[in-house]
Amino acid sequence: MLECFAVGIGGFIGAVSRYLMGLIIIKDTTFPFMTMMINIIGAFVIGLVVALASKYNLESRWILFLKTGVCGGFTTFSLESMNLLSDGKFLMAGGYILLSVSLCLLFVYLGNLCVKVLL
């Protein structure tokens, strides 16, 4: 039961943080730059959490709180992709999907690498 609370509290923090960052408006663009940045930040933090958990043997509740709760509540992906596709912006949607997946994988790796190199 405590695991559910850890995920729920982390999810609350992540979702509110995502909402607040989403209020930052980048003018004159239909490309979802802010959503991509949010996902990249979330991917980097997931990489950090996974590496720190491995290196310092973090308790599973902390991992659930940070990775599943905070990062899970913070990141988003599919809605922006569907909106672009629904609007007929197929090239932009393809670019967004390709960039999002590639950059998020890269930043999970970089987050993990930071812990290994710096700590």
Side-chain angles (χ1 to χ4, degrees):
M1 190 61 163
L2 289 176
E3 288 80 5
C4 290
F5 285 119
V7 171
I9 292 167
F12 171 80
I13 292 168
V16 170
S17 298
R18 192 252 176 272
Y19 168 73
L20 293 173
M21 277 195 72
L23 293 176
I24 299 170
I25 297 172
I26 299 174
K27 296 183 181 199
D28 299 327
T29 183
T30 57
F31 191 84
F33 286 110
M34 190 45 93
T35 301
M36 184 178 290
M37 288 306 303
I38 288 167
N39 291 335
I40 289 169
I41 292 166
F44 183 76
V45 172
I46 287 172
L48 291 174
V49 169
V50 168
L52 288 169
S54 174
K55 185 168 185 127
Y56 295 108
N57 200 23
L58 290 181
E59 184 183 344
S60 64
R61 287 188 191 122
W62 280 107
I63 298 168
L64 285 170
F65 169 76
L66 294 167
K67 189 172 73 170
T68 306
V70 175
C71 291
F74 185 68
T75 58
T76 181
F77 174 72
S78 58
L79 179 62
E80 297 290 350
S81 303
M82 279 306 302
N83 288 343
L84 290 170
L85 291 170
S86 295
D87 292 343
K89 297 176 181 173
F90 301 111
L91 188 59
M92 189 180 293
Y96 174 71
I97 292 166
L98 182 64
L99 276 173
S100 290
V101 172
S102 301
L103 290 173
C104 286
L105 288 173
L106 173 65
F107 275 83
V108 168
Y109 172 77
L110 291 174
N112 201 298
L113 185 64
C114 281
V115 169
K116 290 179 181 175
V117 170
L118 299 175
L119 299 178

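Residue numbers start at 1 and run along the sequence shown.
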Nearest-0.5 Å distance, [atom1] of residue [X] to [atom2] of residue [Y]:
{"X": "Phe33", "Y": "Glu80", "atom1": "CZ", "atom2": "CD", "result": "12.0 Å"}
{"X": "Leu2", "Y": "Ser60", "atom1": "CG", "atom2": "OG", "result": "10.0 Å"}
{"X": "Ile9", "Y": "Cys4", "atom1": "CD1", "atom2": "SG", "result": "11.0 Å"}
{"X": "Asn112", "Y": "Ile46", "atom1": "CG", "atom2": "CD1", "result": "11.5 Å"}
{"X": "Asn83", "Y": "Thr35", "atom1": "CG", "atom2": "OG1", "result": "9.5 Å"}
{"X": "Leu103", "Y": "Asn39", "atom1": "CG", "atom2": "CG", "result": "10.5 Å"}

- prompt: Considering only heavy atoms from C-beta outward, does the side chain of Leu105 approach that of Tyr109 to under 4.5 Å?
  reply: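 The answer is no; the side chains never approach within 4.5 Å.
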
message: What I'd like to find out is whether the side chain of Leu52 reaches to under 4.5 Å of the side chain of Trp62, using heavy atoms alone.
response: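 Result no, sub-4.5 Å side-chain heavy-atom pair not found.
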
Heavy atoms from other residues, nucleotides or ligands near CG of Leu91 exceed 12 (cutoff 6.0 Å):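 Not more than 12 within 6.0 Å, no.
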
Hydrophobic clustering (ILVMFWY, side-chain heavy atoms < 4.5 Å, transitive) - are [Y] and [X] grouped together?
{"X": "Val115", "Y": "Ile40", "value": "yes"}
{"X": "Met82", "Y": "Leu99", "value": "no"}
{"X": "Met92", "Y": "Ile97", "value": "yes"}
{"X": "Val117", "Y": "Leu48", "value": "yes"}
{"X": "Leu110", "Y": "Leu119", "value": "yes"}

Closest non-hydrogen atom pair between [X] and [Y], with its separation:
{"X": "Arg18", "Y": "Phe74", "value": "CG-O, 2.7 Å"}
{"X": "Ser81", "Y": "Ala93", "value": "O-CB, 4.3 Å"}
{"X": "Met21", "Y": "Met34", "value": "O-CG, 3.5 Å"}
{"X": "Cys104", "Y": "Ala43", "value": "O-CB, 3.3 Å"}

field: Identified side chain to side chain contact (heavy atoms under 4.5 Å, CB included) partner of Phe65 from the options Leu58, Ile13, Val49
entry: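 Only one of Leu58, Ile13, Val49 forms a side chain to side chain contact (heavy atoms under 4.5 Å, CB included) with Phe65, namely Ile13.
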
